Amino acid sequence: METESEPYVRLASLRQLHQVMADMNTARSLADTLQTVADGVVTALGYELACVNLVRPDGDLVVAAFAGNAAAEALITGRVGSRESWERRLNMGEMWGDLVFIPHTEGWVLDDDDVPQWYTDGPAPRFDDEWHPADRLFAPMYAPGGQGNPRGELIGVLSVDRPRNGRRPGAWGREALQMYAFQAAIAISNARLRSNMQRALVRLEREQQALRASEESFRQAFEYAPSGMAIAEMGGEQHGRILRTNDALCRLLGRPASAMRRYSFSDLVHPEDIGTLLRTSAEGGRAELRLGRRDGSYVWVSLRNSVVADTADGPRFLLTHVEDIEERKRRELQLAHRASHDSLTGLPNSAELRARLSARLCRRPQSAHPAEVDAYESYDSAYTHPAVYDANGHGFDFRPGAEPYDAYDHHVHTVAPEGDRDDGTKGLAVLFCDLDGFKSINDRFGHNAGDAVLIEVARRLSRGVRDGDTVARLGGDEFVILADGLGRADAQDLAVRLRNEIIQPIRAEGRAVRVGASFGIGWAHCGMTADEVLKSADERMYVEKRSRPKQHRRAG
């Protein structure tokens with residue numbers, strides 16, 4: 001301030017103070033604000049030196065701005081003083097309101113601490129109110145506090161030195177410095193806030209640019225992926241509805257993108273594969289199933305799911321990768337068919353026949369106590385199973401470590417008609433067929449003719465049975481038919497019909513030949529193995545073959 005006597009302060013001095021406070025709040029950056037604060041102490045408050053010590057995030061204070069002496073500025077700007085040393089300074093000396101004055105008579109104890117400081121030269125004071133070169137005056141700057149706590153957190157300290165009038169500041173000077181420190185704290189806090197906002201805006205813009213770039217990359221990868229891609233909803237009433245598909249998926253299914261948005265994958269999947277789709281986990285789930293094309297056909301695909309999550313709301317969308325595996329599935333099915341079917345006739349082979357038959361049968365325990373076997377055999381044949389059952393149908397497996405289970409929930413038992421008469425029982429009939437006169441055709445006309453006969457016999461047998469029945473080639477000229485749900489008379493009628501089909505002339509190698517057929521009818525029931533069932537039917541076939549006149553068994 002000017003040197004006029006208090007309280008007579010010139011209006012020009014007040015205007016000058018008002019101007020530097022306005023400059024503090026219009027600085028463009030935090031660094032500019034700090035330097036403006038230091039410069040204002042020199043230009044408006046009448047001190048020759050001013051230093052702004054700013055609290056760092058770690059609590060220590062750094063010299064952030066200096067005004068009044070270029071040499072001092074170069075020496076101490078950027079140097080750091082510990083928070084402990086600063087707390088010591090602010091808690092000693094004389095308290096002038098919020099200001100701290102440490103006279104030279106006490107300040108000597110601070111000469112060796114780590115707080116950066118600059119000493120000015122000058123004569124010793126002659127009067128009590130004169131300023132000594134070793135006097136220290138600090139104006140703490142506190143961030144604006146909340147309601148009921150006007151003083152907030154310490155954000156820095158203003159250090160001032162050597163008043164121009166050579167005297168310690170009076171009441172007006174002290175009030176002016178204290179008010180200036182208060183306004184400086186507001187200006188620095190606002191500058192920090194603006195700086196943080198600017199950094200946040202820059203960071204947000206970069207993140208948005210990165211997001212836009214990422215979205216564009218995803219769009220490019222999604223749209224132009226060589227395999228099918230789809231995005232579907234997760235959760236809510238529209239869970240699973242397809243929101244977006246790429247061109248590859250539309251081409252694969254022969255459906256336009258606008259039509260695909262009306263469906264979910266459950267609408268497009270083959271009815272037999274619904275269970276597979278439902279068992280597929282949404283998060284990282286995989287499944288191989290068939291999807292329907294627009295023309296009504298189906299294509300084998302591999303589905304792989306990924307969840308597109310939102311950090312705030314959790315999972316939002318389901319990204320599904322759809323790969324065409326039709327060719328691979330076709331090869332797998334062909335290999336599986338070759339392994340389980342006869343290469344000449346295309347009928348199920350011996351291994352497949354035994355597998356299908358075994359799937360219908362259950363065995364009694366192999367290591368049961370004789371009394372337990374008696375209980376097993378005496379129980380009603382409709383509930384025969386590899387265990388003994390109580391009155392509630394609960395089974396007890398005698399194998400080590402086996403647990404009780406409910407027999408009715410695990411198996412539909414296979415039964416057989418009793419005796420030689422038709423008692424109305426429907427069972428699994430096993431018709432063992434052996435061709436009569438086939439060897440002579442091979443011997444007379446060659447194996448090509450024999451193969452043609454076998455192929456035609458297989459075709460006639462398949463044509464003569466119901467859907468769901470099995471016709472298999474056991475080997476050579478032996479065939480087996482599994483026909484479920486037949487009574488004894490039904491099985492005999494089926495054997496007669498098939499025999500009449502077989503004995504019709506067959507074109508082989510340009511000539512008509514005939515073969516006969518002998519049938520043996522066995523019955524499968526639980527407690528038997530597949531080999532035991534086949535052996536029983538085979539024995540009955542030989543009985544039937546020997547009982548017929550030889551001329552009726554030879555080929556024509």
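We're numbering straight along the sequence, starting at 1. Here the structure is a predicted model, which is why all the values come from computation and not from measurement.
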Requested in this report: Taking side chain to side chain contact (heavy atoms under 4.5 Å, CB included) as the test, write out the residues that go with Ser29, two or more places apart.
Outcome: Ala31, Asp32
**Report entry** Note, Val322 side chain near Leu303 side chain (heavy atom, < 4.5 Å)
**Finding:** yes
Requested in this report: Report yes if some heavy atom in the side chain of Arg83 is under 4.5 Å from a heavy atom in the side chain of Leu61; otherwise report no.
Outcome: yes
Report summary line: For Glu233, the side chain to side chain contact (heavy atoms under 4.5 Å, CB included) test, sequence neighbours excluded, returns Gln238, Arg241, Leu243
Query raised in the report: Can you name the side chain to side chain donor-acceptor pair (under 3.5 Å) partners of Asn500, sequence neighbours left out?
Result: none
Query - Interatomic spacing from CZ in Arg293 to CG in Leu252 - rounded to 0.5 Å - result: 6.0 Å
**Report entry** Electrostatic pair Arg212:Glu216 at N-O distance under 4.0 angstrom
**Finding:** no
Query - Residues which pass salt bridge (Lys or Arg N to Asp or Glu O under 4.0 Å) with Glu501, listed by chain and number, not counting sequence neighbours - result: Arg463
Report summary line: Sorted by chain and number, sequence neighbours left out, side chain to side chain contact (heavy atoms under 4.5 Å, CB included) with Ser462 holds for Leu347, Val471
Requested in this report: Please identify each residue that fulfils salt bridge (Lys or Arg N to Asp or Glu O under 4.0 Å) with Asp538, with sequence neighbours left out.
Outcome: none
**Report entry** Lys/Arg N to Asp/Glu carboxylate O, Asp58 vs Arg56, below 4.0 Å
**Finding:** yes
Query raised in the report: Is there side-chain contact between Lys426 and Asp490, with heavy atoms separated by less than 4.5 Å?
Result: yes
Query raised in the report: In a check of side chain to side chain contact (heavy atoms under 4.5 Å, CB included) between Leu319 and each of Arg304, Arg244, Met229, which one passes?
Result: Met229
Query - Matching residue for Arg473 among Thr345, Asn349, Asp342 - test: side chain to side chain donor-acceptor pair (under 3.5 Å) - result: Asp342
Query raised in the report: Under 6.0 Å from the CD atom of Glu84, do we count more than 12 heavy atoms belonging to anything else shown?
Result: no
Query - Presence of salt bridge, Arg328 and Glu323, under 4.0 angstrom - result: no
Let me have the donor-acceptor pairs involving side chains of residues 505-513, under 3.5 Å, with sequence neighbours excluded, atom names and distances please.
{"unit_1": "Arg507", "atom_1": "NH2", "unit_2": "Gly510", "atom_2": "O", "d": "3.0"}

Query - Note, Met197 side chain near Leu193 side chain (heavy atom, < 4.5 Å) - result: yes
Report task. Mind jotting down which residue pairs meet the side chain to side chain donor-acceptor pair (under 3.5 Å) criterion with at least one end in residues 476-486? Sequence neighbours excluded, please. Result -> Arg360-Asp484
Requested in this report: Run the salt-bridge test on Glu326 and Lys329 with the 4.0 Å N-O cut-off and return the result as yes or no.
Outcome: no
Report task. Under the salt bridge (Lys or Arg N to Asp or Glu O under 4.0 Å) rule, collect the residues that match up with Asp531, sequence neighbours excluded. Result -> Arg354
Query raised in the report: Quick one: are Glu532 and Lys535 in side-chain contact, heavy atoms under 4.5 Å?
Result: no
Query raised in the report: With sequence neighbours excluded, what pairs up with Ser340 under the side chain to side chain donor-acceptor pair (under 3.5 Å) test?
Result: none
**Report entry** Residue list, side chain to side chain contact (heavy atoms under 4.5 Å, CB included) with Val269, at least two apart or on another chain
**Finding:** Asp273, Ile274, Leu277, Leu289, Leu291
Query raised in the report: Do Glu544 and Ile521 come within less than 4.5 Å of each other through their side chains, counting heavy atoms only?
Result: no
Requested in this report: List the steps and the verdict of side-chain hydrogen bond (donor to acceptor under 3.5 Å, both in side chains) for Thr320 and Asn305.
Outcome: CA-CA 5 Å; Thr320 303; Asn305 295 330; 3.0 Å; yes
Query raised in the report: Would you say the side chain of Val457 lies within less than 4.5 Å of the side chain of Leu454, judging by non-hydrogen atoms?
Result: no
Query raised in the report: Between Leu486 and Leu494, which heavy-atom pair has the shortest distance, and what is it?
Result: CD1-CD2, 4.1 Å
Report task. Under the salt bridge (Lys or Arg N to Asp or Glu O under 4.0 Å) rule, collect the residues that match up with Arg261, sequence neighbours excluded. Result -> none
